[in-house]
Structures are given as C-alpha cells and as structure tokens.
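One structure below.
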2 protein chains.
Amino acid sequence: MNSVAASEPVARRRQARSEATRTALLDAALHEFAAHGFEGASTRSIATRAGTHQPQINYHFDSKEALWLAAVEHLFTRLDEAMQRHLPNGIDQGFGPDVTRTTFAAGVRSFVRAVAELPELNRIMVQEATIGSDRLSMIVEQHTRQRYQQLAGSWRTLRDRGEVADLDETVVYYSLIGAASLPYVNAPEARLLGLDTTTDVFVEAHADALVTLFLGPEGGSEP
Amino acid sequence: MNSVAASEPVARRRQARSEATRTALLDAALHEFAAHGFEGASTRSIATRAGTHQPQINYHFDSKEALWLAAVEHLFTRLDEAMQRHLPNGIDQGFGPDVTRTTFAAGVRSFVRAVAELPELNRIMVQEATIGSDRLSMIVEQHTRQRYQQLAGSWRTLRDRGEVADLDETVVYYSLIGAASLPYVNAPEARLLGLDTTTDVFVEAHADALVTLFLGPEGGSEP
DNA sequence: GTCTATAATTAGATAGAC
DNA sequence: GTCTATCTAATTATAGAC
C-alpha cells in the first residue's frame with residue numbers, strides 16, 4: 001500500500017548519497033592528481049581521501065582517465081566562476097574584444113586571485129603540458145586555445161593602439177600566466193623559504209605587481 | 001707474464017663502459033622524471049631509454065630515489081654552467097652583491113637562455129615543489145635557498161637605490177622565475193597552440209621582454 | 001549504491017649465471 | 001658489469017554478496 005510512498009524518500013536519500021560520494025571523489029581526485037600527476041596518483045589514495053572505497057571510482061566514473069577528465073572539467077568551471085567573481089562591478093570581461101587598459105588590469109587582478117584560489121589547476125596544467133598526451137590535446141582544444149586567443153588578442157589590440165609596451169603577444173601570454181601562477185603552484189617550496197604566498201596580503205601585492213609590470217606604474221588608468 | 005699488462009686495458013674498457021651506462025641512465029632519468037614525475041616514471045622505462053636493463057639502476061645507484069638525487073644534482077650543475085656561459089664577457093655574476101641594472105639585465109637574459117636549454121629542471125622543480133616531500137626539502141636546502149637569497153637581495157638593493165619599481169622582492173622572485181620558465185616547461189602545449197618556443201628567435205624576444213617588464217623600456221642601461 | 005574479495009598487470013628490488 | 005629470471009608489493013579494474 002504505502003510501499004510506493006515510502007520507497008521514494010529512500011531512493012532520494014540513496015541518490016543524494018551517491019551524488020555526495022561522486023563530489024567527494026572529484027575533490028579528492030583534484031588534490032591527488034595535482035600533487036602526484038596522473039600516473040603518480042593512485043585510485044586507492046583518491047578513494048581513501050574521499051572517505052570511500054577504491055571500486056567506487058569505477059562505478060561512478062568509467063576509469064581513472066574518465067575521473068581525471070571530469071575533475072579537469074570541474075576545475076575549469078570553477079576557474080570561470082572565480083574569475084567572474086573577482087572582477088569589479090561594471091566590468092564583465094577582462095580580456096574580451098572591448099579591452100581597454102582598465103579592463104586588462106582588472107583581468108590580471110582577477111586572474112591572480114583566481115589562480116591563487118585554485119592552485120590545483122596550474123599544477124595539473126603544468127604536469128600535462130610537459131608531455132604530449134591525449135589529455136593535453138583535450139585540455140588545449142576544450143579550454144586553453146580559446147583563452148589563449150582572448151588574452152593574446154587583447155594584448156595585440158592594446159599594443160596596436162600604443163597603450164602598452166611593444167612586446168610579442170605569445171611572450172606576454174606565457175610570461176603572464178607563469179608569473180601569475182608560480183607562487184601558488186610552488187606554495188610548499190615558498191613555505192620552506194619562509195614565505196606564505198597564500199595570504200590575502202601576498203595575493204594583492206602580487207596582483208598589483210603584475211599590473212605594474214605589464215601596464216606600467218600608472219596601473220590600469222587610461223592613457 | 002703479460003696477464004697484468006693485457007688485463008689493464010680490459011679493466012679500463014669495462015670502466016669506460018660502466019661510466020657510459022651511468023651517464024646514459026642519468027640522462028634518461030632526467031627525461032622520464034621531468035615527463036612523468038618521480039612516482040610516475042618507472043625504472044624500467046628509464047633503463048630502456050638508456051639502452052640497458054632495469055636492474056642496472058640498482059647496481060649503479062642504490063635505489064630509484066638515489067637515481068633521482070644524482071639526476072637533480074647533475075641538472076643544477078648544468079644550470080650553473082649554462083648561466084655562466086650565457087653571461088656576456090666582463091660580467092661574471094648577474095645577481096651578486098655588486099648588482100647594477102646592467103648586471104641584473106644580463107642575469108635575466110642568461111637565466112632565460114639557460115632555462116630554455118634545460119626545460120627538465122623547471123619541470124622537475126614544479127613537480128616536487130607542489131608537495132612537501134623529502135626531495136623538495138633537499139632541493140631547497142642544497143640549491144634553491146641560496147639562489148632565492150641572491151636574486152631577492154639583488155632586487156632589494158636596486159629598489160633601495162630607486163633604480164627599479166617599488167615591488168616586493170619575493171613577488172619579483174616568483175614572477176620572474178615563472179615568467180622565464182613557463183614557455184619551455186609548457187613547450188608541448190605551445191606546439192599545440194601553433195607556437196614554437198624552442199627557437200632562438202623566441203628565446204631572445206622572451207629575454208628582451210622580461211628585461212623590459214622588470215627594468216623598463218631602457219633595458220639594462222644605468223640611470 | 002556500497003561493500004569485500006580478487007583477478008590481471010605492473011612496480012621496484014634482488015639472486016645468481018656469465 | 002651486465003644479463004635473465006624472479007620475488008614481493010602495489011597498481012587498476014572486475015565479480016558478486018548485500
């Protein structure tokens with residue numbers, strides 16, 4: 001009689017628990033892949049960190065590789081969200097087609113704050129970008145190429161207007177990303193050197209410094 | 001009678017061959033560790049790349065970890081040699097106590113050229129600096145701390161003289177290293193984007209760009 | 001959906017012939 | 001010194017009970 005009415009909450013509870021382990025596995029995977037690389041991270045340690053058992057990975061995802069793909073997808077979504085959140089009101093895109101010195105400066109600042117928040121992203125990027133794998137091709141086609149074209153194009157626009165230094169846009173792209181991410185990628189090394197790069201004070205000083213380096217001491221003011 | 005006289009060349013030939021496999025193992029180890037990380041690189045693939053067999057690693061080195069240590073030691077020696085070689089005549093230290101805008105600029109240029117030559121170094125550094133391991137502690141105490149103090153100290157000196165922008169030296173340290181190394185660490189990704197960062201043209205444009213960014217458009221000229 | 005048990009493969013390291 | 005053969009432990013993935 002009430003078997004249908006009573007079974008629904010049970011199914012919903014099971015579904016909620018399933019979603020919870022899936023999310024826990026994703027978060028744990030990010031941490032382990034970032035720390036040890038794809039080959040170095042073991043599915044056992046990921047499952048243990050997620051508070052569950054190793055076969056759950058093959059149940060919720062098809063394979064270790066599928067788990068990696070889902071984790072990276074999740075990470076880039078969080079990057080977009082973080083960059084948007086760290087942009088000031090009134091600016092909705094730092095490196096878009098309507099770029100100005102002001103929006104570029106805001107883009108640099110939001111990018112620094114976002115990568116400081118998500119060190120796993122650049123750790124995984126560096127580990128994969130180091131060898132030519134299918135995983136690297138996937139990242140480039142799905143995520144990197146578009147961002148590269150936006151940032152490089154923005155610099156070219158500003159440079160053609162004479163509003164920034166006469167530097168090659170591909171050089172600027174890699175220099176900016178490298179300069180923005182290394183303090184957070186290498187945070188454990190910085191700790192051993194007596195530095196804490198995870199504080200707001202450091203992140204803001206770092207963001208200000210990159211604006212000064214790339215746009216000059218007048219920062220993001222218009223010419 | 002001639003057993004002693006004849007056996008010497010044989011022993012010498014054996015010793016030479018032994019040294020050759022040792023060196024081949026070191027080079028192969030650098031490549032594999034840089035590509036896959038410490039855990040991800042297998043001693044079998046290292047031995048195969050070196051043209052020998054896996055047990056040779058435990059014969060010539062005590063363990064996988066000992067091989068890693070020897071490889072990193074070798075790598076920093078090559079970094080020193082490369083940086084010295086890329087300095088112009090008359091300047092024997094870019095970031096030493098006698099730093100000027102001229103020597104700093106020369107140091108930046110020689111550093112860019114050196115890391116372009118040795119992408120394995122920064123790949124291994126990033127992989128290890130990402131987690132707190134005994135290997136990271138060893139790198140920091142043996143190699144990184146001294147270089148950090150030299151570079152940061154040089155920037156502080158120039159800044160206190162008012163010869164460079166008023167930027168925190170720790171921010172400058174990580175920004176400079178990140179900006180200098182990423183195009184070569186991520187060279188496979190750059191290839192997928194249609195860029196070749198391994199050409200002399202790129203490396204020199206990159207070196208010039210970093211001098212412009214950190215020392216201004218007048219480059220390394222004295223104030 | 002989650003668990004235990006286990007299959008199949010591969011890892012680093014060692015033994016012993018040559 | 002270098003090789004083949006092998007040990008032990010750890011890996012990813014699967015089977016099947018609950």
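In what follows, chains carry the letters A, B, and so on, assigned in the order in which the sequence lines appear, proteins first and then strands, with residues in each chain numbered from 1.
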When you measure from the side-chain N and O atoms of B:Thr43 to the phosphate of C:dA13, is any distance below 4.0 Å, counting only OP1 and OP2? no
Compare the minimum distances between each of D:dT11, D:dC3, C:dA11 and the side chain of B:Ser42, then state the nucleotide with the smallest one. C:dA11
Regarding A:Arg78 and A:Glu120, does a basic nitrogen lie under 4.0 Å from an acidic carboxylate oxygen? no
Side chains of B:Ser154 and B:Thr157: donor-acceptor distance under 3.5 Å anywhere? no
Distance check needed: D:dT11 P versus A:Ile46 CD1, whole Å only. 11 Å
A:Gln54 CD to C:dA8 P, straight-line distance once rounded to whole Å: 16 Å
B:Ser18 has a side chain; which of D:dC3, D:dG1, D:dA13 sits nearest to it? D:dG1
When all nucleic acid strands are considered with a 4.0 Å heavy-atom cut-off, which category describes A:Ala41: base, sugar-phosphate, or nothing? sugar-phosphate
Is a donor from one side chain sitting under 3.5 angstrom from an acceptor on the other, for A:Gln127 and B:His36? no
From CZ of A:Arg22 across to C1' of C:dG1 the rounded distance in Å is 14 Å
Using only side-chain N and O atoms of A:His60, determine if any of them is under 4.0 Å from OP1 or OP2 of C:dG1. no
Output the rounded distance in Å from CD (B:Gln56) to C1' (D:dC3). 8 Å
If I take atom CZ in residue B:Arg44 and atom C1' in nucleotide C:dA13, what distance separates them, rounded to the nearest angstrom? 10 Å
With a 4.0 Å cutoff (strictly under), does any side-chain N or O of B:Thr21 reach OP1 or OP2 of D:dT2? yes
Check each of B:Arg109, B:Arg113, B:Glu117 against B:Val203 using the side-chain contact (heavy atoms from CB on, under 4.5 Å) test, and report the only one that passes. B:Arg113
Starting at atom CZ of B:Phe38, determine the distance to atom P of C:dG12, rounded to an integer number of angstrom. 8 Å
Where the side chain of B:Asn58 is defined as all heavy atoms beyond and including C-beta, which of C:dT14, D:dA13, D:dT2 is the nearest nucleotide? C:dT14
Phosphate-side-chain proximity, B:Thr52 and D:dC3, N/O vs OP1/OP2 below 4.0 Å: yes
Give one of base, sugar-phosphate or nothing for A:Ala47, where a contact means two heavy atoms less than 4.0 Å apart. nothing
Closest approach to the side chain of B:Pro55, judged atom by atom: which nucleotide of C:dC3, D:dT4, D:dT14 is it? D:dT4
How many whole angstroms separate atom NE2 of A:His53 from atom P of C:dT2? 11 Å
Hey, is the main chain of A:Val185 close enough, under 3.5 Å, to the side chain of A:Arg123 for a donor-acceptor pair? yes
Using whole Å, report how far NE2 of B:His36 lies from C1' of D:dT11. 17 Å
Closest of C:dG12, D:dC3, C:dT2 to the B:Lys64 side chain is C:dG12
